[in-house]
Amino acid sequence: MAATLEKSFVRKLGSAALAAIAICVSIPAFASDPAGRWQTIDESGKPKSIVEIRQGSDGTYTGRIVELLNPSRPNPTCDKCSDDRKDRPITGMEIIRGMRAERGDGFGGGTILNPEEGKVYRSKMKLVDGGSKLEVAGCIAFLCRTQVWVRQ
């Protein structure tokens with residue numbers, strides 16, 4: 001009976017060790033990859049939308065609004081956009097384009113659209129807090145406005 005308990009304990013300990021190794025191996029990938037779902041937070045600190053960021057086959061990242069939280073009107077469109085997104089529904093709209101990995105946990109070289117204004121800004125992103133938050137900046141020249149998004 002003692003041998004059976006010992007084998008059971010060893011199996012459980014081995015399973016726990018494998019699980020711990022799997023978690024440790026996945027944390028660095030999670031912490032350095034912006035791909036996933038993010039809750040955007042507006043200037044007032046309120047959740048605004050859910051954006052899904054994906055990496056394309058060319059290595060660039062794009063982000064699409066998959067859900068609007070408390071929209072001001074039903075099924076809003078990008079009335080003020082002047083590019084290919086003009087008058088398109090905001091839900092499902094690609095707002096981040098051409099983002100590439102840079103040194104460390106930074107990403108840049110892309111653009112971000114503010115659908116409320118219809119303006120496209122040069123953008124950069126940086127993972128913070130071990131990859132649980134994403135600092136997203138929209139820039140004109142050297143002036144940038146940054147929001148912090150929370151990983152879902």
Side-chain angles (χ1 to χ4, degrees), residues 12-13 15-152:
K12 287 181 182 176
L13 184 62
S15 295
L18 287 174
I21 290 170
I23 289 170
C24 290
V25 168
S26 68
I27 286 174
F30 172 82
S32 63
D33 187 5
R37 292 171 70 95
W38 297 91
Q39 182 179 69
T40 67
I41 310 293
D42 69 13
E43 296 78 28
S44 69
K46 295 181 182 177
K48 185 95 175 157
S49 66
I50 304 295
V51 172
E52 184 171 21
I53 297 177
R54 292 184 179 179
Q55 185 176 25
S57 59
D58 65 352
T60 63
Y61 290 89
T62 59
R64 205 173 278 287
I65 295 176
V66 294
E67 182 181 353
L68 287 174
L69 307 173
N70 304 310
S72 59
R73 63 185 199 264
N75 304 316
T77 59
C78 194
D79 306 330
K80 297 178 181 175
C81 288
S82 59
D83 60 8
D84 61 304
R85 297 169 276 204
K86 177 145 182 69
D87 297 324
R88 309 283 268 186
I90 293 174
T91 301
M93 181 173 286
E94 187 176 77
I95 62 165
I96 296 172
R97 292 181 170 171
M99 204 65 73
R100 294 193 174 278
E102 294 179 339
R103 290 184 299 200
D105 288 336
F107 301 84
T111 60
I112 189 163
L113 166 74
N114 180 338
E116 290 178 357
E117 301 172 346
K119 292 184 180 178
V120 177
Y121 298 94
R122 206 173 32 83
S123 185
K124 57 186 177 180
M125 305 185 309
K126 183 178 181 185
L127 289 157
V128 294
D129 288 348
S132 65
K133 294 182 180 175
L134 183 67
E135 291 180 348
V136 181
C139 306
I140 297 175
F142 60 90
L143 298 173
C144 297
R145 190 179 87 201
T146 302
Q147 288 184 342
V148 177
W149 297 359
V150 178
R151 193 181 289 272
Q152 296 297 288

Below 4.5 Å, heavy atoms only, C-beta onward: do [X] and [Y] meet side chain to side chain?
{"X": "Leu113", "Y": "Cys81", "result": "yes"}
{"X": "Val136", "Y": "Ile112", "result": "yes"}
{"X": "Ile96", "Y": "Ile53", "result": "yes"}

Do [Y] and [X] meet the salt-bridge criterion of a basic N to acidic O distance under 4.0 Å?
{"X": "Asp129", "Y": "Lys133", "answer": "yes"}
{"X": "Asp84", "Y": "Arg97", "answer": "yes"}
{"X": "Asp42", "Y": "Arg145", "answer": "no"}
{"X": "Glu116", "Y": "Lys48", "answer": "yes"}
{"X": "Arg54", "Y": "Glu52", "answer": "yes"}

Any idea which heavy atoms bring Asp33 and Leu127 closest together, and the distance?
-> N-CD1, 3.5 Å
Going by atom types alone, do Thr111 and Ser123 pair a side-chain donor with an acceptor below 3.5 Å?
-> no
Spatial distance of atom CD1 (Ile65) from atom CD1 (Ile50) [nearest 0.5 Å] = 10.5 Å
How about Asp83: does its CG atom have over 12 heavy atoms from other parts shown lying under 6.0 Å from it?
-> yes
